[in-house]
Structures are given as C-alpha cells and as structure tokens.
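Counting starts at 1 for both ligands and their atoms, in listed order. Only a predicted model underlies this, so the values are computations on that prediction, with no experimental measurement involved.
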Amino acid sequence: MDKKTIFSGAQPTGYPHLGNYLGAFKNWSSLQDEYNCLYCVVDLHAITVRQVPAELRKASRNLLALYIACGLNPEKNIVYIQSHYTGHAELAWILNCFTYMGELGRMTQFKDKSSKGDTNINAGLFNYPVLQAADILLFGTHLVPVGEDQRQHLELARDVAIRFNNIYGDVFTVPEPYIAKSGAKIKSVTHPERKMSKSDEESSQIILLDAPDVVMRKFKRAVTDSETEIRYDVENKPGVSSLLEIYANTRGISMDDTLVEFDGKNYGYLKTAVGEAVVDIIINPIQARFNELSANPDYLDKVLKENAEKAAYIGNKILRKVKKKVGFIV
Ligand code: TYM
C-alpha cells in the first residue's frame with residue numbers, strides 16, 4: 001500500500017537496442033519489487049513520425065513482449081499500451097493549456113528532430129513532451145527511470161506539475177528522474193562519441209533481437225582508436241571506454257575490476273569478451289523468453305487487456321480530480 005509509484009515507457013519504433021536495455025529496461029526490472037510500477041508502450045508518441053499502421057501494431061505487441069522478456073513480471077507491474085487508455089490523451093490536452101510555447105521550443109529533442117530537414121514537423125512533435133508529462137503525472141508517479149536523453153523532458157514534467165499545483169493545490173506528485181550512473185548513455189558502436197540511437201544505421205546499434213552472431217560481428221567491428229592500451233578515458237578513448245562500460249554493466253562489476261580483467265590484453269580480446277558477455281547474459285535469455293511469448297498470442301492479448309484496465313483504474317482517479325479543478329462538470 002505504501003509503495004511509491006514508478007512510470008516509464010518506450011516508443012514502439014525501430015528495434016529496441018542495448019541502450020534501451022541498459023539505460024531503461026534493466027533498471028525497470030530491478031525496481032519492480034520495491035515500487036508499484038507502470039511500464040507503457042507509448043504508441044501515441046510514435047505517430048509524431050509517420051508510421052506504417054500494420055508495422056506499428058506489430059511493433060507495439062513486440063515491445064510489450066520484450067518488456068516481459070527483459071524480466072518485467074506482468075502480474076506485478078502494469079505493462080500496457082498507451083492508446084488503450086484514453087486518459088493519456090485527455091490529460092495531455094489539459095496540460096497543453098499549462099505549458100508555454102517557449103518551453104517546448106527549447107526542448108533539444110524537438111530541435112534535433114526538426115532540424116534534420118524532415119518536412120513533417122507537426123504539432124504533435126512539438127507537443128510530444130506534454131504528452132510525456134501527462135503519462136507521468138496521470139499516475140501520481142514518484143520516480144521515472146530513464147536514460148540521460150530524457151532528462152530535459154522530465155524537467156518539463158516537473159515544471160508543469162509545480163505550475164498546476166501552484167494554481168489548484170496539491171493535485172500532482174512532482175516526479176523525480178531516476179537516471180542510473182551506469183548505462184544511462186550507451187554509445188553507438190560505430191560512432192562512440194554519440195549515443196546509440198534507433199534513428200542511426202543498424203550497424204551502429206546492438207539490437208536486442210539481433211542473432212547472436214550478428215551481435216558478435218557488430219562488436220568485433222566496433223570503432224576504437226589507433227592506440228593499443230585498454231584504458232578508461234571517455235574523452236580520448238570513447239570507443240574503448242564504451243566497450244568497458246558495457247562490459248562492467250552487463251557483468252554487474254565495477255570499472256576497477258573490469259580494468260583488472262583486461263590489463264595487458266588487446267582490443268580484439270576486449271571486443272570478443274564484451275560480445276560474449278552481452279550475448280550470454282542479455283541477448284540469449286531475452287530472445288528465448290521473447291520467442292516463447294511470441295508463440296502464445298492469447299497470453300499477450302490477456303495481458304494487454306487486463307493491464308490497460310488496471311492503468312485506467314488508477315489514472316482515472318487523478319484525471320477526475322484534475323477535471324474538477326479546472327472547472328469541468330464531472
Ligand atoms: P525511447 O523510446 O527513445 O527510449 C526508451 C528508453 O531508453 C533510453 N535510451 C537509452 N539509454 C541509454 N543509452 C542509450 N543510447 C539510450 N537510448 C534510449 C531512453 O532514455 C528511455 O528511457 N520519450 C520517451 C518515451 C516516453 C516516456 C514517457 C519515458 C514517453 N512517455 C514517460 C518516461 C516517462 C522515449 O522516446 O524513449
């Protein structure tokens with residue numbers, strides 16, 4: 001009863017990768033006993049970019065199955081699809097009226113996306129962080145486990161909550177980000193100075209559903225540097241440092257212990273060791289469970305339906321309060 005609430009989500013676009021896992025999904029599983037958790041497949045967010053309908057449907061189911069395959073217990077956590085509960089969109093509209101254009105214009109993710117020359121710079125893309133704030137605030141969320149790239153969106157959610165509360169009293173819980181020290185910004189394997197991103201070429205991402213030999217090959221081709229010494233130095237040796245970080249995080253050991261393991265070894269040895277650790281500890285177990293779930297669509301349908309109902313039950317309490325406060329007849 002006294003447990004605090006966690007909310008987080010991921011977009012059902014592209015293929016979930018090692019960054020999503022180490023930055024988000026892995027932490028979600030580790031928090032599931034201590035908190036009441038809601039983990040959402042945010043398909044409303046996904047349509048800010050044009051999607052092929054049948055592919056989006058498939059990606060949403062697959063992502064939900066992947067959440068479970070990554071260790072989330074659907075009996076203990078509310079794992080569901082955003083569009084199955086209309087409360088998200090309703091609260092987002094209300095919060096739009098409490099968010100300033102200037103705030104949204106400052107969001108780096110919007111600036112990045114809108115500067116890439118795409119012609120479809122729609123209002124949904126601009127308002128994206130408001131929907132994200134609604135996701136979070138709808139459930140009285142205390143903690144939001146995400147990767148580093150979501151920090152600014154969480155700041156906005158906090159600002160909007162505080163603004164609303166200042167006008168209407170304590171309606172929203174002001175959420176805190178939970179950004180782990182390790183894994184919050186996993187780097188691209190081909191461009192280790194930038195984060196691993198779904199929008200980059202596939203060779204730069206370790207995709208959770210890649211075949212194990214593909215994962216090994218991608219690690220073996222990982223970009224390092226022209227030196228030979230294995231040392232943790234993010235600024236001067238981003239590629240090697242990223243491999244070391246992935247290894248330490250995957251094995252759950254400290255950087256000091258990791259460096260001892262690779263003392264005197266060469267880059268080839270490091271790449272193989274990282275690839276093997278990721279395949280054995282992450283890729284193989286996730287894929288085995290994912291394949292089991294994919295073979296049982298009825299089970300997934302049941303999870304989808306039951307969990308959306310549970311989310312709606314919790315969300316509607318806060319939504320009703322918000323509607324009353326702003327003057328709707330409820
Ligand atoms: P999305 O789908 O881009 O990413 C899902 C989660 O993965 C994290 N992540 C990373 N972590 C470490 N290294 C990386 N290279 C890396 N790339 C991605 C993200 O930080 C995220 O935690 N806007 C969100 C989805 C969202 C949401 C929410 C999250 C919608 N509503 C409410 C939290 C709460 C997004 O696009 O995540």
Side-chain angles (χ1 to χ4, degrees), residues 5-29 31 37-49 56 59-60 62-64 66-67 70 78 80-83 85 87-89 91-92 95 107-110 112-113 124-125 127-139 141-158 160-161 175-200 204-208 238 242 245-246 249-250 311 315:
T5 300
I6 279 186
F7 181 96
S8 199
Q11 292 197 65
T13 49
Y15 300 104
H17 54 57
L18 191 63
N20 299 128
Y21 181 75
L22 296 179
F25 307 160
K26 182 178 173 183
N27 297 325
W28 297 359
S29 315
L31 296 162
C37 303
L38 297 106
Y39 295 117
C40 188
V41 171
V42 296
D43 56 349
L44 299 181
H45 282 92
I47 62 161
T48 52
V49 173
L56 180 59
S60 294
N62 279 351
L63 184 55
L64 198 100
L66 201 60
Y67 284 1
C70 287
I78 302 181
Y80 72 108
I81 293 185
Q82 191 182 28
S83 65
Y85 171 36
H88 291 267
L91 184 60
L95 296 184
M107 295 289 118
T108 49
Q109 217 160 70
F110 173 73
D112 286 352
K113 285 185 180 166
L125 199 63
N127 289 328
Y128 180 112
V130 183
L131 178 58
Q132 184 160 346
D135 299 339
I136 298 167
L137 302 182
L138 194 47
F139 301 104
T141 303
H142 297 90
L143 210 61
V144 187
V146 283
E148 183 60 46
D149 60 350
Q150 296 300 315
R151 191 184 285 281
Q152 198 187 24
H153 287 168
L154 289 196
E155 275 302 315
L156 182 85
R158 287 172 56 83
V160 172
E176 297 284 343
Y178 175 99
I179 299 172
K181 279 208 180 71
S182 158
K185 193 170 181 185
I186 295 296
K187 306 298 189 326
S188 153
V189 285
T190 51
H191 296 88
E193 64 293 341
R194 58 182 197 232
K195 69 167 185 174
M196 190 176 286
S197 165
K198 282 180 189 167
S199 45
D200 287 345
S204 70
Q205 309 168 45
I206 305 297
I207 292 168
L208 295 176
S242 166
E245 264 179 55
I246 293 173
N249 189 317
T250 301

### Query
Should the ring pair Tyr39 and Trp28 be called parallel, tilted or perpendicular, given that the plane angle runs from 0 to 90° and is split at 30 and 60?
parallel
### Message
Less than 4.0 Å is my threshold; does some heavy atom of Tyr128 fall inside it relative to ligand 1?
### Response
yes
### Query
Are any of the N/O atoms in Lys195 less than 3.5 Å from those in ligand 1?
no
### Message
Evaluate His153 for polar contact with ligand 1, using N/O atom pairs at a separation under 3.5 Å.
### Response
no
### Task
Could you list which atoms of ligand 1 come closer than 4.0 Å to a heavy atom of Ile136?
32 (C), 34 (C)
### Task
Output yes when the distance from some N or O of ligand 1 to some N or O of Glu148 is under 3.5 Å, and no in every other case.
no
### Polar side chain donor-acceptor pair, His153 to Gln132, under 3.5 angstrom
yes
### Task
May I ask you to decide if the ring planes of Phe139 and Phe7 are parallel, tilted or perpendicular, using 30° and 60° as cut-offs?
parallel
### Query
Purely on distance, is any nitrogen or oxygen of Val144 under 3.5 Å from one on ligand 1?
no
### Query
Looking at ligand 1, does any of its N/O atoms fall within less than 3.5 Å of an N/O of Phe7?
no
### Query
Between the candidates Asn27, Val146, Asp149, which shows the shortest non-hydrogen contact distance to atom 20 (O) of ligand 1?
Asp149
### Query
Are any of the N or O atoms of Met196 closer than 3.5 Å to those of ligand 1?
yes
### Summary
Heavy-atom proximity to atom 2 (O) of ligand 1, picking from Gln82, Gln11, His88, points to Gln11
### Task
May I ask you to check whether Gly147 has an N/O atom sitting below 3.5 Å from an N/O atom of ligand 1?
yes
### Query
Any side-chain heavy-atom pair from Tyr21 and Asn27 closer than 4.5 angstrom?
no
### Query
Under 4.5 Å between any side-chain heavy atoms of Tyr178 and Ser8, yes or no?
no
### Query
Does Lys185 use its side chain to pair, donor to acceptor, with the backbone of Met196 at less than 3.5 Å?
no
### Message
Ring centroids only, cut at 6.0 angstrom: are Tyr80 and Tyr85 within range, meaning strictly under it?
### Response
no
### Query
Any idea which part of Ala24 is under 4.0 Å from ligand 1, heavy-atom wise: side chain, backbone, both or neither?
side chain
### Message
With a cutoff of 4.0 Å, is His17 in contact with ligand 1, counting heavy atoms of the residue only?
### Response
yes
### Query
What's the shortest distance from atom 3 (O) of ligand 1 to any protein heavy atom, and which residue and atom give it?
Gln150 NE2, 4.4 Å
### Task
Return yes when Pro129 approaches ligand 1 closer than 4.0 angstrom through a heavy atom, no otherwise.
no
### Query
Any idea which of Gly19, Pro177, Ser8 brings a heavy atom closest to atom 11 (N) of ligand 1?
Gly19
### Query
At what distance is the nearest protein heavy atom to atom 18 (C) of ligand 1, and which residue and atom is it?
Asn20 ND2, 3.3 Å
### Task
Return yes when atom CG of Leu56 has more than 12 non-hydrogen atoms of other residues, nucleotides or ligands closer than 6.0 Å, and no otherwise.
yes
